[in-house]
Amino acid sequence: MRSNLRRNGTRAVEDVTSATDPAEAAGWLALAPNRHTGPRAPEPSRHDRCPVTADGTRPRPATPTPRGTGEVAHAAAAFVRQHHAEQELGDPAARLAEVDAELAATGTYTHTPQELAFGARVAWRNANRCIGRLYWQSLRVRDLRHLTAAEEIAEACADHLREAAPGGRIRPLITVFAPDRPDHSGPRIWNEQLIRYAGYIQRDGHVVGDPRGTGLTAYARRLGWRGGDGSPFDVLPLLVQADPRRPPRCFDLPSDAILEVPLLHPEFDWWSDLGLRWHAVPALANMCLEIGGVCYGAAPFNGWYMGTEIGARNLADTDRYNLLPYLAECLGLDTSSDRSLWKDRALVELNRSVLHSFDSAGVTMADHHTESRRFLTHVAREESRGRAVGADWSWIVPPLSGSTTPVFHRTYDDEPATPAYVHHPDAHTRARGEEPTTQRPTRPWRDLL
């Protein structure tokens with residue numbers, strides 16, 4: 001049987017001053033009703049900056065102020081003790097002395113490979129918005145802190161995507177690049193994820209593609225990206241900034257690094273004619289990995305998709321692809337009243353399509369019922385080891401049939417902890433294709449308020 005696994009890529013980026021206008025290209029999304037008409041800024045969130053202070057307490061609403069090496073030393077010592085305690089490494093005194101000496105000499109310190117791997121895995125364990133934390137100890141860590149050039153970082157990101165999905169079997173993976181230091185910032189990846197789809201604003205104001213990507217699409221064009229075919233699923237180039245004093249550079253991902261799954265339906269043969277698809281590896285790219293007071297601003301990491309992330313959010317949200325009205329029409333549903341539950345019916349069929357397609361293609365994907373049970377297994381396992389599990393209820397409960405899952409029927413403490421993956425405000429700014437209004441402080445711990 002022919003596999004419906006398909007890998008697509010885009011052209012190499014060239015420095016150009018003129019190119020074919022993607023607004024001239026038509027796609028099925030341009031014909032869908034109730035289309036989003038432009039980029040929408042993300043809603044303010046209390047998770048938008050490093051969520052804890054060095055001593056693990058909640059932030060105080062105050063103006064950011066520089067943090068000295070004394071506070072970094074406090075965060076470093078707490079992390080070193082945690083590492084030695086959990087890994088049963090014995091007395092941490094010698095390592096603490098090494099860290100103190102390096103801090104006194106340089107203003108920062110260097111994690112050992114073992115500390116980096118432990119910190120990255122615990123940061124996943126501490127991710128309050130992630131339902132898939134049961135396998136946090138299986139996270140594979142690629143230590144590429146020695147890479148400094150934008151070309152090297154882009155190539156390593158492509159390698160990350162290849163290594164994360166051998167034969168469609170998704171593996172949790174993180175690639176860690178150089179951290180921020182007192183005298184300069186480390187590299188940054190502007191994209192929210194290593195693979196995101198472009199959003200082309202049409203002359204009438206509507207969007208072909210992902211409205212979330214319109215800002216970054218326009219910015220990439222200004223940097224010289226020619227654009228894709230003008231389809232709803234053109235893969236954006238990577239925007240890598242190795243030097244904070246210079247603009248980022250564009251790099252198209254090689255075709256063999258982009259694993260995509262065309263969407264079919266278990267019942268409706270016509271579904272394949274819609275031309276829907278989605279990429280297989282959800283590799284978050286612009287979050288800060290914070291370990292013991294050190295910020296790794298470029299550390300793309302992935303698990304695997306839960307079906308509802310694609311079927312109930314990316315393709316269904318009104319400020320994303322907004323497919324429900326279009327699919328309801330294709331399904332012949334009565335959309336004259338919400339009481340017909342046409343949105344619910346279309347949403348279920350869309351999610352059936354996503355699960356069926358990934359299963360048929362042999363690509364790893366979780367469903368929300370199974371992942372909910374796994375999360376409670378994770379909670380029980382951690383609590384049996386004396387560790388509390390923080391969780392954001394609004395993110396843990398699936399966006400489809402939430403009350404039918406066991407995670408719905410309980411409450412959670414949303415207490416942040418470190419190590420952690422966090423969003424800095426300037427990361428959101430870059431993801432919208434905008435220059436940060438101010439340069440990031442040269443010391444990463446200044447954001448740890």
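Just so it is clear, the model here is predicted, and its values are computed rather than measured. Count residues from 1 along the sequence.
- Using a distance-only test at 3.5 Å, with no hydrogens or angles considered, a donor-acceptor pair links the side chain of Ser372 to the main chain of His368.
- Aromatic rings from Trp278 and Tyr197 are positioned such that their centres are separated by under 6.0 Å.
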Check against side-chain hydrogen bond (donor to acceptor under 3.5 Å, both in side chains), His206 and Asp204: CA-CA 6 Å; His206 296 129; Asp204 62 0; 3.0 Å; yes
side-chain contact (heavy atoms from CB on, under 4.5 Å) between Asp359 and His356, intermediate numbers included: CA-CA 5 Å; Asp359 287 347; His356 169 75; 5.9 Å; no
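- The backbone N or O of Glu152 sits nowhere less than 3.5 Å from a side-chain atom of Glu155 that would complete a donor-acceptor pair.
- Considering only heavy atoms from C-beta on, Leu239 stays 4.5 Å or farther from Phe251 through its side chain.
- Contact detail for Ala280 and Ile170: the closest heavy-atom pair is O-CD1, 4.0 Å.
- Judged by distance alone, the side chain of Ser384 and the main-chain N or O of Arg381 form a donor-acceptor pair under 3.5 Å.
- When ring centroids are compared, Phe233 and Tyr321 come within the 6.0 Å threshold.
- Summarising the local packing, CG of Asp273 is surrounded by more than 12 heavy atoms from other residues, nucleotides or ligands at distances under 6.0 Å.
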Test side-chain contact (heavy atoms from CB on, under 4.5 Å) applied to Tyr296 and Arg145, step by step: CA-CA 9 Å; Tyr296 297 89; Arg145 289 176 285 177; 3.7 Å; yes
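- Smallest separation of non-hydrogen atoms from Val281 and Ala165: CG2-CB, 3.7 Å.
- Environment of CZ in Arg352: crowded, with over 12 heavy atoms of neighbouring residues, nucleotides or ligands closer than 6.0 Å.
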Salt bridge (charged side-chain N to carboxylate O under 4.0 Å, His left out) evaluation trace for Glu192 with Arg196: CA-CA 8 Å; Glu192 284 185 315; Arg196 276 290 201 193; 3.1 Å; yes
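- A side-chain donor-acceptor contact under 3.5 Å links Asn302 and His160.
- Residues Val176 and Leu116 have side chains in contact (heavy-atom distance under 4.5 Å, counting atoms from C-beta outward).
- Remark: aromatic rings of Tyr219 and Trp225 are distant, center separation not under 6.0 Å.
- Side chain of Arg142 to main chain of Ala156: a donor-acceptor pair is present (N/O by atom type, distance under 3.5 Å, no hydrogens or angles).
- Panel note: side chain Asp426, backbone Pro436; no donor-acceptor pair is recorded below 3.5 Å.
- Between the side chain of Thr405 and the backbone N or O of Gly402 there is at least one donor-acceptor pair closer than 3.5 Å.
- For Asp234 (side chain) and Ser231 (main-chain N/O), a donor-acceptor pair under 3.5 Å exists by modelled atom type.
- Counting heavy atoms of neighbouring residues, nucleotides and ligands inside a 6.0 Å radius, atom CZ of Arg169 does not exceed 12 of them.
- The backbone N or O of Ser336 sits less than 3.5 Å from a side-chain atom of Asp334, completing a donor-acceptor pair.
- Summarising the geometry of Ser403 relative to His409, their closest heavy-atom pair is O-NE2, 2.8 Å, with the distance given to 0.1 Å.
- The minimum heavy-atom distance between Leu355 and Gly307, with the atom names listed, is CD2-CA, 4.2 Å.
- By the 4.5 Å heavy-atom criterion applied to side chains, Leu274 and Cys330 are counted as neighbours.
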Glu151/Arg249 under salt bridge (charged side-chain N to carboxylate O under 4.0 Å, His left out): CA gap, chis, key distance, verdict: CA-CA 9 Å; Glu151 297 93 336; Arg249 295 180 58 191; 2.5 Å; yes
Working for side-chain contact (heavy atoms from CB on, under 4.5 Å), residues Trp342 and Thr335: CA-CA 6 Å; Trp342 64 268; Thr335 60; 3.6 Å; yes
Verdict with reasoning, Ile396 to Arg129, per side-chain contact (heavy atoms from CB on, under 4.5 Å): CA-CA 6 Å; Ile396 295 299; Arg129 289 181 168 185; over 6 Å; no
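- Listed here is the closest heavy atom pair of Leu333 and Ala346: CD1-N, 4.1 Å.
- Both cation-pi conditions hold for Arg125 and Trp136: the charged atom is under 6.0 angstrom from the six-membered ring centre and inside a 45 degree cone around its axis.
- Side-chain contact between Trp124 and Cys130 is present, with at least one heavy-atom pair separated by less than 4.5 Å.
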Test side-chain hydrogen bond (donor to acceptor under 3.5 Å, both in side chains) applied to His424 and Asn286, step by step: CA-CA 9 Å; His424 294 292; Asn286 70 343; over 6 Å; no
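- Within a 6.0 Å radius of CZ in Arg313, no more than 12 heavy atoms belonging to other residues, nucleotides or ligands are found.
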Candidate pair Asp180 and Arg188, rule salt bridge (charged side-chain N to carboxylate O under 4.0 Å, His left out), full reasoning: CA-CA 10 Å; Asp180 290 353; Arg188 294 293 187 271; 2.8 Å; yes
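- Centroid-to-centroid, the aromatic rings of Tyr305 and His279 come within less than 6.0 Å.
- Side-chain contact check for Tyr412 versus Asp392: every heavy-atom pair is 4.5 Å or farther apart.
- For Ser357 (side chain) and Ser353 (main-chain N/O), a donor-acceptor pair under 3.5 Å exists by modelled atom type.
- Residues Arg373 and Pro406 form a side-chain contact, since some pair of their non-hydrogen atoms from C-beta on lies under 4.5 Å apart.
- No side-chain heavy atom of Arg246 sits under 4.5 Å from any side-chain heavy atom of Gln241.
- For an aromatic pair to be called close, the ring centres must be under 6.0 Å apart, and Phe79 with His111 satisfies this.
- The existence of a salt bridge linking Arg320 and Asp210 is confirmed by a sub-4.0 Å separation between a basic side-chain nitrogen and an acidic carboxylate oxygen.
- No donor-acceptor pair closer than 3.5 Å links the side chain of Thr429 to the backbone N or O of Glu434.
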Derivation and outcome, salt bridge (charged side-chain N to carboxylate O under 4.0 Å, His left out), residues Asp319 and Arg212: CA-CA 7 Å; Asp319 59 350; Arg212 193 177 182 93; 5.7 Å; no
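- By the 30° and 60° cut-offs, the orientation of the rings of His378 relative to Phe375 is tilted.
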Residues His428, His423; criterion ring pair (Phe, Tyr, Trp, His ring centres under 6.0 Å); working and verdict: CA-CA 7 Å; His428 290 304; His423 264 129; 4.5 Å; yes
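- Taking 4.5 Å as the limit, every side-chain heavy atom of Phe177 sits out of range of all side-chain heavy atoms of Leu289.
- The two residues Ala316 and Gly311 make their nearest non-hydrogen contact at CB-O, 3.5 Å.
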Pair Tyr135-Trp304, ring pair (Phe, Tyr, Trp, His ring centres under 6.0 Å): steps then yes or no: CA-CA 11 Å; Tyr135 305 106; Trp304 50 75; 5.7 Å; yes
Check against side-chain hydrogen bond (donor to acceptor under 3.5 Å, both in side chains), Trp393 and Thr411: CA-CA 7 Å; Trp393 190 94; Thr411 59; over 6 Å; no
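- Annotation: the span from Arg277 atom CZ to Leu264 atom CG amounts to 13.0 Å, rounded to 0.5 Å.
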